[in-house]
Colleague: 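If you scroll down you'll find the structure; I have some questions about it.
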Amino acid sequence: MTVSEYAVRFSDLSRHTPALVSIVRERVRRFIEGLNPSIKLSMARELDIDITYQQVVGIARRLGGMLTRDREEREAKRSRESGTYSGTRAPASARQGRGYMSRLVHSALPAASGAPTTTRP
C-alpha cells in the first residue's frame, strides 16, 4: 500500500474511533506507527516535535516516493546486469578484439640478420 493509500485508509478508520486520535500528537504517533518500517524509522524525529498531521503525511509521502524510486532503480539495474553474465567463457571467436590476439604479431623492428637498416630523414 502506498503512503497516500494508507493516509486515506487511516483517515477513514479514524472517523470510527475519534477518541483514539483526538489529540494531534496521538494521531501523528498512530499514523507513523502504521507506516512501512523503513519510512517509520526515518520519521522517528517527528514523534518528538510538534508537527501537524498533514505535515507528517506530506513527509511520509515524499519518503515513500524516494524509496519507490530507489527500489525501481535497483530493479532496473539488476535486470540490465542479469542478462550479461552467464558464468561461462565466451568462445574464442567472440573473444577477438577484447585484448586477445588472434594471430601472431610481427615485430616492426628490423630482423637481426645483419642486413643494414635504413633511416628516414
Side-chain angles (χ1 to χ4, degrees):
M1 176 181 316
T2 67
V3 174
S4 295
E5 292 168 339
Y6 170 65
V8 169
R9 181 104 169 114
F10 183 87
S11 292
D12 288 343
L13 291 174
S14 65
R15 285 190 209 132
H16 299 290
T17 56
L20 293 177
V21 290
S22 60
I23 301 170
V24 173
R25 191 174 207 123
E26 184 63 19
R27 183 179 180 99
V28 166
R29 185 190 70 75
R30 286 184 179 270
F31 179 80
I32 291 174
E33 286 298 316
L35 289 168
N36 175 307
S38 55
I39 298 173
K40 184 185 344 181
L41 288 173
S42 299
M43 296 192 67
R45 181 179 70 102
E46 280 73 15
L47 290 172
D48 296 331
I49 61 175
D50 284 334
I51 190 168
T52 68
Y53 172 74
Q54 289 304 320
Q55 288 172 319
V56 168
V57 171
I59 293 167
R61 282 182 177 148
R62 284 192 299 277
L63 287 170
M66 290 169 44
L67 289 172
T68 299
R69 280 190 303 277
D70 289 347
R71 185 179 343 103
E72 288 170 353
E73 287 172 5
R74 279 193 312 272
E75 289 172 359
K77 184 178 178 182
R78 190 177 316 130
S79 67
R80 283 192 310 264
E81 292 175 350
S82 67
T84 60
Y85 180 70
S86 65
T88 62
R89 245 179 102 158
S93 60
R95 289 193 305 257
Q96 293 178 1
R98 287 200 216 158
Y100 295 98
M101 297 188 321
S102 61
R103 55 191 140 95
L104 294 175
V105 177
H106 297 284
S107 176
L109 298 174
S113 63
T117 60
T118 59
T119 57
R120 296 185 182 175

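The first residue in the sequence is number 1, and the count goes up from there.
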Colleague: Could you grab the distance from atom CG of Leu47 to atom CZ of Phe31, nearest 0.5 Å is fine?
Modeller: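 Atom-to-atom, Leu47:CG and Phe31:CZ are 11.5 Å apart.
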
Colleague: Once salt bridge (charged side-chain N to carboxylate O under 4.0 Å, His left out) is applied, do any residues pair with Arg30, and if so which ones, sequence neighbours excluded?
Modeller: Glu26

Colleague: Just do the side-chain contact (heavy atoms from CB on, under 4.5 Å) check on Arg27 and Ser11 with the steps written out, would you?
Modeller: CA-CA 10 Å; Arg27 183 179 180 99; Ser11 292; 3.8 Å; yes

Colleague: Does any pair with a residue in residues 12-24 pass salt bridge (Lys or Arg N to Asp or Glu O under 4.0 Å), and if so which ones, sequence neighbours excluded?
Modeller: Asp12-Arg15

Colleague: Below 3.5 Å, can you tabulate the donor-acceptor pairs from side chains in residues 50-60 to any protein atom, sequence neighbours excluded?
Modeller:
{"residue": "Asp50", "atom": "OD1", "partner": "Arg25", "partner atom": "NH1", "Å": "3.2"}
{"residue": "Thr52", "atom": "OG1", "partner": "Gln55", "partner atom": "N", "Å": "3.1"}
{"residue": "Thr52", "atom": "OG1", "partner": "Gln55", "partner atom": "OE1", "Å": "3.2"}
{"residue": "Gln55", "atom": "OE1", "partner": "Thr52", "partner atom": "N", "Å": "2.9"}

Colleague: When hydrophobic residues are tied together by side-chain contacts of less than 4.5 Å, even through go-betweens, does Ile49 share a cluster with Val24?
Modeller: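 Same cluster: Ile49 reaches Val24 through Ile, Leu, Val, Met, Phe, Trp or Tyr contacts under 4.5 Å.
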
Colleague: Rounded at 0.5 Å granularity, tell me how far CE in Met1 sits from CZ in Arg9.
Modeller: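 Result: 6.5 Å between the selected atoms.
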
Colleague: Just how far is it from atom CE of Met43 to atom CD1 of Ile32, taken to the nearest 0.5 Å?
Modeller: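 If I round to the nearest 0.5 Å, the distance is 4.5 Å.
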
Colleague: Which atom pair, heavy atoms only, marks the closest approach of Lys40 to Glu33?
Modeller: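 Closest heavy-atom pair between Lys40 and Glu33: NZ-O, 3.3 Å.
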
Colleague: So which pairs with a foot in residues 55-77 pass ring-ring contact (aromatic ring centres under 6.0 Å, His included), sequence neighbours left out?
Modeller: none

Colleague: Filter on ring-ring contact (aromatic ring centres under 6.0 Å, His included), then keep only pairs touching residues 54-73, sequence neighbours left out; what's left?
Modeller: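 Sorted result for residues 54-73: empty, none.
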
Colleague: Would you mind writing out the side-chain donor-acceptor pairs for residues 62-73 within the sub-3.5 Å range, not counting sequence neighbours?
Modeller:
{"residue": "Thr68", "atom": "OG1", "partner": "Gly64", "partner atom": "O", "Å": "2.9"}

